[in-house]
Amino acid sequence: MGELRDRMVRELRLRRYAAPTQKAYLEAVKGLAKHYWLSPDQLTAEQVQDYILHLMTERALQWNTINTIASGLKFFYTHTLKRPEVALAIPARRTPRWLPEILSAEELQRLFVAAPSGMPRALLMTAYGGGLRVSEAVRLQVNDIDSQRRMIRVVRGKRDKDRYTLLSERLLTELRAYWKIDRPRPWLFPGRNPEKPLNHNTARLFFNRAKAEAKIHKGGSFHLLRHCFATHLLEAGVDLRTIQILMGHSSITSTTYYLHLTRKTLDKTQNPLDLLDLSQLPAFKEVERCRPS
């Protein structure tokens with residue numbers, strides 16, 4: 001699909017899709033063509049539906065994977081082939097909403113203690129202290145740490161948006177100690193090649209190893225540090241609008257998600273059972289357990 005691929009790449013670039021999204025969408029169309037061994041412009045809407053069903057039932061792929069493939073195919077048939085009827089035949093899927101397990105202050109302390117001093121610990125503390133995505137954390141440059149204003153500048157975050165977030169005194173101390181030893185430049189967390197930033201997978205490896213060493217059994221990946229940042233701010237009394245700005249959310253709706261995760265919200269909510277007058281309830285009496293005859 002050489003010509004079709006070039007046309008799709010052009011459409012993706014015109015709409016300024018991020019490089020990982022471009023790659024995922026191209027792989028989605030490539031997978032469809034490989035499944036039928038036909039050029040995707042020769043396929044019918046029903047064949048595309050059958051392919052999605054194949055991914056769901058026979059290959060049993062995870063929801064996020066199938067959703068990305070479906071989005072890539074919709075883009076291809078809408079913008080590259082100008083066949084919206086095929087795109088419309090791909091059914092929209094309901095988005096499941098899973099709530100992450102939030103780490104407590106004590107668990108975070110154990111996590112940071114378990115991480116080796118130097119880059120691993122500095123990286124994890126920076127991700128939590130600034131509420132950063134892994135892609136944002138590894139692409140920080142030394143000049144993005146504004147020690148005078150106590151702020152971290154996030155350049156070209158999600159959807160190419162810049163923002164500022166918090167720089168705590170404790171994190172600044174850690175970063176200064178790390179910088180004195182490693183002297184990184186320009187990237188705050190460089191990869192094997194100092195001219196390039198740390199690889200995403202290496203950053204995730206730092207987190208997973210520290211989590212295992214700290215014997216933390218709650219689920220969650222590197223992104224959990226960002227969830228903890230927002231949740232703990234909310235529990236500390238910071239308003240949603242401020243958290244929205246620090247997190248870089250386009251909509252306040254994304255930020256209200258953290259209301260589901262905070263203990264503060266639940267502590268203020270009285271259980272309806274406690275509102276009932278149960279003073280007349282008979283005293284509890286032990287009864288002999290029913291035994292099978």
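Predicted model, so just to flag it, every value in this text is computed and none were measured.
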Determine, using the 4.5 Å side-chain heavy-atom cutoff (strictly less than), whether Leu234 and Ile245 are members of one ILVMFWY cluster.
no

pair Asp144-Val154: side-chain heavy atoms closer than 4.5 Å:
no

I'd like to know if the side chain of Thr231 and the backbone of Cys228 have a donor-acceptor N/O pair within less than 3.5 Å.
no

Check whether Tyr77 reaches the backbone of Pro40 with its side chain - one donor and one acceptor, N or O, closer than 3.5 Å.
yes

Across all chains, not counting sequence neighbours, the salt bridge (charged side-chain N to carboxylate O under 4.0 Å, His left out) partners of Lys82 are Glu11

CD/Gln49 to OG1/Thr44 distance, rounded to the nearest 0.5 angstrom?
8.5 Å

Gap separating the CZ atom of Arg153 from the CG atom of Leu140, nearest 0.5 angstrom
10.0 Å

Please, which pairs that meet salt bridge (charged side-chain N to carboxylate O under 4.0 Å, His left out) have at least one residue in residues 165-176, sequence neighbours excluded?
Arg150-Glu169, Arg170-Glu174

Measure the spacing between OG1 of Thr256 and CG of Leu240 and express it to the nearest 0.5 Å.
7.0 Å

Shared hydrophobic cluster, Val155 / Leu246 (ILVMFWY, side-chain heavy atoms < 4.5 Å)
no

If you count the non-hydrogen atoms of other residues, nucleotides and ligands that lie under 6.0 Å from NZ in Lys23, is the total more than 12?
no

Any side-chain heavy atom of Arg133 sitting closer than 4.5 Å to one from Phe222?
no

Any idea which heavy atoms bring Ala122 and Leu175 closest together, and the distance?
CB-CD2, 4.1 Å

Non-hydrogen side-chain atoms of Leu73 and Val86 separated by less than 4.5 Å
no

Who pairs with His79 by ring pair (Phe, Tyr, Trp, His ring centres under 6.0 Å), at least two apart in sequence or on another chain?
Phe75

Check step by step if side chain to side chain contact (heavy atoms under 4.5 Å, CB included) holds for Leu81 and Leu4.
CA-CA 8 Å; Leu81 292 185; Leu4 289 177; 3.6 Å; yes

Might you point out which heavy atoms bring Gly129 and Phe229 nearest each other, and give the distance in Å?
O-CE1, 3.4 Å

Taking the side chain as everything from C-beta on, heavy atoms only, tell me whether Val29 gets closer than 4.5 Å to Thr80.
no

When the side chains of residues 197-216 are checked against the rest of the protein, which donor-acceptor pairs come out under 3.5 Å, sequence neighbours left out?
residue	atom	partner	partner atom	Å
Asn199	OD1	Asn201	N	2.7
Asn201	OD1	Arg204	NH1	3.1
Asn208	ND2	Arg204	O	3.3
Lys211	NZ	Lys218	O	2.6
Lys211	NZ	Gly220	O	2.8

Taking the side chain as C-beta and beyond, is there a heavy-atom pair between Gln244 and Arg241 under 4.5 Å?
yes

Only distances under 3.5 Å count here; give the side-chain donor-acceptor pairs of residues 51-58 to other protein atoms, sequence neighbours excluded, each with its distance to 0.1 Å.
residue	atom	partner	partner atom	Å
His54	ND1	Glu58	OE1	3.3
Thr57	OG1	Leu53	O	2.7

Set of residues satisfying salt bridge (charged side-chain N to carboxylate O under 4.0 Å, His left out) with respect to Asp160, sequence neighbours excluded:
Arg16, Arg156

Evaluate the side chain to side chain contact (heavy atoms under 4.5 Å, CB included) criterion for residues Gln42 and Ser39: first the C-alpha distance (whole Å), next the side-chain angles of each, then the deciding distance (0.1 Å), finally the verdict.
CA-CA 6 Å; Gln42 299 177 24; Ser39 177; 3.8 Å; yes

Might you work through the side chain to side chain contact (heavy atoms under 4.5 Å, CB included) test for Ile152 and Leu171, ending with a clear yes or no?
CA-CA 11 Å; Ile152 299 174; Leu171 176 57; 4.1 Å; yes

Lys30 side chain near Leu26 side chain, heavy-atom distance below 4.5 Å:
no

Using side chain to side chain contact (heavy atoms under 4.5 Å, CB included), reason through Arg139 and Leu188 one step at a time and then give a plain yes or no.
CA-CA 8 Å; Arg139 290 190 63 81; Leu188 183 60; over 6 Å; no

Rounded at 0.5 Å granularity, tell me how far CE in Met119 sits from OG1 in Thr126.
11.0 Å

Rounded to the nearest 0.5 Å, the NZ atom of Lys74 sits from the CG atom of Leu88 at a distance of 8.0 Å

Backbone N/O of Met247 and side chain of Arg226: donor-acceptor pair under 3.5 Å
yes

Contact summary for Leu132 and Ala137, nearest pair of heavy atoms:
CD1-CA, 4.0 Å

To check you understand the geometry: which heavy-atom pair defines the closest contact between Leu167 and Met151, and what is its length?
CB-N, 3.5 Å

Thr242 side, atom OG1; Leu233 side, atom CG - distance, nearest 0.5 Å:
9.0 Å

For Arg163, enumerate each residue passing the salt bridge (charged side-chain N to carboxylate O under 4.0 Å, His left out) test, keeping only those at least two apart in sequence or located in another chain.
Glu136

Are the ring centres of Tyr17 and Tyr25 closer than 6.0 Å?
yes

Can you list every side-chain hydrogen bond (donor to acceptor under 3.5 Å, both in side chains) pair that touches residues 108-124, not counting sequence neighbours?
Glu106-Arg110

Measuring only between side-chain heavy atoms, which start at C-beta, is Ile252 closer than 4.5 Å to Thr255?
yes

All pairs passing ring-ring contact (aromatic ring centres under 6.0 Å, His included) where residues 153-195 contributes a residue, at least two apart
Tyr178-Phe189

May I ask you to test the Ile69-Leu61 pair for a side-chain heavy-atom distance under 4.5 Å?
yes

Scan side-chain atoms only and decide if Lys158 and Ser250 contain a donor-acceptor pair under the 3.5 Å cut-off.
no

Hydrophobic cluster membership, with links at side-chain heavy-atom distances under 4.5 Å among I/L/V/M/F/W/Y: are Leu225 and Val238 in one?
yes

Least distance between heavy atoms, Leu124 atom then Ala115 atom
CD1-CB, 3.9 Å

By the salt bridge (charged side-chain N to carboxylate O under 4.0 Å, His left out) test, which pairs, at least two apart or in different chains, include something from residues 177-186?
none

In chain order, what residues pass the salt bridge (charged side-chain N to carboxylate O under 4.0 Å, His left out) check against Asp146, with sequence neighbours excluded?
Arg149

Listed by chain and number, what are the side chain to side chain contact (heavy atoms under 4.5 Å, CB included) partners of Glu85, not counting sequence neighbours?
Arg83

His227 side chain vs Tyr258 backbone, donor-acceptor pair below 3.5 Å
no

